[in-house]
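Just below is one structure, and these are the notes that go with it.
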Amino acid sequence: MSKFLYITDQNEFTDHSFIGPLFQKYLTKHFDIQTTFFSDYKFDIEVHDNGTIIIPEKFKGNLIKELENADIDLSTFDFVVVRNSTDLLKEVLKKKNEYNFKVGFRLSFPKRIAKLQTDEANNKKSLLDVISNKVKTYSEINLINECDIFLPTSFKMKDDYFKDVKTRSFVIPSAIDPDNLTQNIQHTGSEKRFFYAGTLDKLREFETILEAFSNINSSNYKLMISTKDPEYLQKLLDEYSLLKDNIEIFETKTRKELLDVIAKADIGLAALPDIELFNSSTPMKVLDYYSSAIPCIMSNNENNNSIFEDNISAWFVNFDEDSIREKLEYIISLSKEDVTQVGINGQNRLLSVRNYERIAADLAHQLNIL
């Protein structure tokens with residue numbers, strides 16, 4: 001079996017909800033895989049029996065040499081794929097010919113560009129930031145073009161930010177694990193329970209959703225929110241005090257806790273502003289919702305339209321108060337059975353076109369023909 005080394009940019013204790021099922025579970029059916037994570041607490045490299053390699057953070061700037069010092073023979077690997085970090089990619093590419101492995105670059109999310117757009121939303125972006133981003137993007141494209149394969153989250157992400165990449169590309173989107181679906185818990189109340197999970201900041205304009213809720217013609221709903229930005233949320237909610245009786249805030253510390261709470265909801269909220277950053281891929285929260293067969297309100301964009309069907313497997317909205325309010329009122333008027341069926345339809349659709357087992361098989365095929 002061919003050997004595959006996946007060099008991630010992740011901490012050992014970070015939630016690996018994407019890396020785990022795809023690279024450490026389903027892809028192991030096709031390759032002998034080892035996956036690296038970094039640690040702030042370890043002093044020496046640890047190689048575990050499950051294929052995980054834990055690397056002290058202090059070794060990050062000289063990764064290849066430290067792997068060699070730990071008697072990890074890079075010449076035995078057929079494929080080395082780097083996740084997100086072009087600094088690590090540059091180091092791997094230097095050894096490509098020496099060790100004769102194929103090199104891939106995985107782009108899960110354009111974090112630097114996201115920060116630039118967040119700074120712009122907060123009026124913190126400078127001309128120097130824009131110039132620096134262009135220089136770094138040019139450098140990244142040159143590095144990716146030295147690879148054997150490029151693995152973006154979507155072709156739209158590639159076209160929006162890396163259109164000059166000429167390397168063979170294979171899209172690895174976020175998906176659901178068919179072996180890890182959570183049973184939806186049907187509550188007995190008559191209210192519709194809407195759930196928002198994820199980041200809250202100025203770029204995401206969550207106040208637009210709150211404004212829509214504040215103007216609907218029904219109070220028969222509950223808005224459930226879980227976020228790692230509680231201070232920002234509280235500032236928003238202070239402006240919408242009339243909603244306080246309909247809002248429930250959850251403090252989920254682990255992914256399991258989050259999924260357990262999501263399973264108690266009826267409808268997921270994933271509508272985002274109409275900008276390239278949000279339109280280029282499916283938010284992870286959408287996959288979390290549908291893992292529990294929770295149907296989702298989402299942005300009406302090309303990416304979502306390619307997967308879901310409005311009022312059949314999801315609900316589409318334009319990101320403005322009127323469009324969101326009208327959809328909320330429509331959903332509240334539906335029977336619980338109608339809402340549940342939309343969730344089932346959406347989950348079945350994702351199991352058909354966006355599940356990690358199928359993606360792993362397709363990726364293995366792409367790698368084997370390089």
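Atom OH of Y26 is separated from atom CD of E357 by 5.0 Å, given to the nearest 0.5 angstrom.
Each of F319 and F316 belongs to its own hydrophobic cluster when Ile, Leu, Val, Met, Phe, Trp and Tyr are linked at side-chain heavy-atom distances under 4.5 angstrom. If you chain together hydrophobic residues whose side chains sit under 4.5 Å apart, F4 and I172 fall into the same group. The hydrophobic clustering, which links ILVMFWY residues whose side-chain heavy atoms are closer than 4.5 Å, places Y356 and V171 apart. Transitive grouping of hydrophobic side chains (ILVMFWY, heavy atoms separated by less than 4.5 Å) brings Y330 and I216 into a common cluster. One hydrophobic cluster, built from ILVMFWY side chains closer than 4.5 Å, cannot hold both M298 and I267; they sit in different ones.
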Quiz item: Can you list the steps and then say if S75 with D73 is a side-chain hydrogen bond (donor to acceptor under 3.5 Å, both in side chains)?
Solution: CA-CA 5 Å; S75 67; D73 186 358; 2.5 Å; yes
Self-check item: Check against side-chain hydrogen bond (donor to acceptor under 3.5 Å, both in side chains), R325 and S214
Solution: CA-CA 9 Å; R325 175 183 52 77; S214 69; over 6 Å; no
Quiz item: Checking side-chain contact (heavy atoms from CB on, under 4.5 Å) for the pair L67/N69: CA distance, chi angles, key distance, verdict?
Solution: CA-CA 5 Å; L67 289 174; N69 290 342; over 6 Å; no
Self-check item: side-chain contact (heavy atoms from CB on, under 4.5 Å) between K102 and V80, worked out
Solution: CA-CA 6 Å; K102 302 290 186 182; V80 177; over 6 Å; no
Exercise. Could you please spell out the steps behind the side-chain contact (heavy atoms from CB on, under 4.5 Å) verdict for K244 and L237?
Key: CA-CA 8 Å; K244 65 179 181 179; L237 295 183; over 6 Å; no
Practice problem: Kindly determine whether Q34 and Q24 satisfy side-chain contact (heavy atoms from CB on, under 4.5 Å), including the steps that lead there. | Solution: CA-CA 8 Å; Q34 290 187 282; Q24 295 182 299; over 6 Å; no
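Between the R168 side chain and the F150 main chain, no donor and acceptor come within less than 3.5 Å of each other. Judged by distance alone, the side chain of T153 and the main-chain N or O of L107 form a donor-acceptor pair under 3.5 Å. With S313 contributing its side chain and E309 its backbone, the two residues share a donor-acceptor pair below 3.5 Å. In terms of modelled atom types and a separation under 3.5 Å, the side chain of N345 and the main chain of Q341 share a donor-acceptor contact. Using a distance-only test at 3.5 Å, with no hydrogens or angles considered, a donor-acceptor pair links the side chain of R106 to the main chain of L151. Side chain of S292 to main chain of I294: no donor-acceptor pair is present (N/O by atom type, distance under 3.5 Å, no hydrogens or angles). Side-chain atoms of Y99 do not come within 3.5 Å of backbone N or O of T76 as any donor-acceptor pair. E205 places no side-chain N or O within 3.5 Å of a backbone atom of P273 that could act as its donor or acceptor partner. At distances below 3.5 Å, not a single donor-acceptor pair connects side-chain atoms of E66 with backbone N or O atoms of F59. Proximity of a side-chain donor or acceptor of D274 to a complementary backbone N or O of N318 within less than 3.5 Å is not detected.
By the neighbour-count criterion of 12 heavy atoms within 6.0 Å, atom NZ of K90 is sparsely surrounded, having that number or fewer from other residues, nucleotides or ligands. Annotation for K65: atom NZ does not count as buried by contact number, only 12 or fewer foreign heavy atoms lying within 6.0 Å. By the neighbour-count criterion of 12 heavy atoms within 6.0 Å, atom CG of N100 is sparsely surrounded, having that number or fewer from other residues, nucleotides or ligands. By the 6.0 Å contact criterion, CD on Q183 is open, its count of non-hydrogen atoms from other residues, nucleotides or ligands being 12 or less. Crowding of E231 atom CD: a count of heavy atoms from other residues, nucleotides or ligands under 6.0 Å not exceeding 12. Within a 6.0 Å radius of CD in E248, more than 12 heavy atoms belonging to other residues, nucleotides or ligands are found. Applying the 6.0 Å contact sphere to NE2 of H187 captures more than 12 heavy atoms from other residues, nucleotides or ligands. Within 6.0 Å of NZ on K264 lie no more than 12 heavy atoms contributed by other residues, nucleotides or ligands.
A salt bridge does not link R255 to E257: none of the charged side-chain nitrogens sits closer than 4.0 Å to a carboxylate oxygen. Ion pairing between a basic and an acidic side chain is recognised when a charged N comes within 4.0 Å of a carboxylate O; E57 and K42 show no such pairing. Using a 4.0 Å cut-off between a side-chain N of Lys or Arg and a carboxylate O of Asp or Glu, D160 and K156 qualify as a salt bridge. Using a cut-off of 4.0 Å between Lys/Arg side-chain N and Asp/Glu carboxylate O, K136 and E140 are scored as not salt-bridged. A salt bridge does not link D288 to K285: none of the charged side-chain nitrogens sits closer than 4.0 Å to a carboxylate oxygen. The pair D177-K25 meets the salt-bridge criterion, since a charged nitrogen lies less than 4.0 angstrom from a carboxylate oxygen. Using a 4.0 Å cut-off between a side-chain N of Lys or Arg and a carboxylate O of Asp or Glu, D9 and R83 qualify as a salt bridge. Salt-bridge check for K94 with E91: failed, with every basic side-chain N at 4.0 Å or more from each acidic carboxylate O. Taking 4.0 Å as the cut-off between side-chain N and carboxylate O, K96 and E146 do not count as a salt-bridged pair.
Aromatic rings of F101 and F77 (six-membered ring for Trp) have centroids beyond the 6.0 Å cut-off, not under it. Checked against a 6.0 Å centroid threshold, the rings of Y221 and F213 count as neighbours.
By the 4.5 Å heavy-atom criterion applied to side chains, I324 and D320 are not counted as neighbours. At a threshold of 4.5 Å between non-hydrogen side-chain atoms, the residues V317 and N300 do not count as touching. Taking 4.5 Å as the limit, some side-chain heavy atom of F308 sits within range of a side-chain heavy atom of L350. Inter-residue side-chain proximity for F38 and N11 is flagged as unmet; no heavy-atom pair is nearer than 4.5 Å. Contact of the T340 side chain with the Q186 side chain is registered, since non-hydrogen atoms from C-beta on lie closer than 4.5 Å. Residues I359 and P173 form a side-chain contact, since some pair of their non-hydrogen atoms from C-beta on lies under 4.5 Å apart.
Across every non-hydrogen atom of N303 and N279, the tightest pair is CB-O, 3.6 Å. Nearest approach of R354 to S174, heavy atoms of both residues: NH1-O, 3.2 Å. Of all the heavy atoms in T28 and I33, the pair that sits closest is N-CD1, 3.9 Å. Taking each heavy atom of E321 and T208 in turn, the nearest pair found is N-CG2, 3.8 Å. Closest approach of R204 and T199 over heavy atoms only: CD-O, 3.2 Å. The minimum heavy-atom distance between T252 and S226, with the atom names listed, is OG1-OG, 2.8 Å.
Aromatic ring orientation, F79 versus F31: perpendicular (interplanar angle above 60°, classes split at 30° and 60°).
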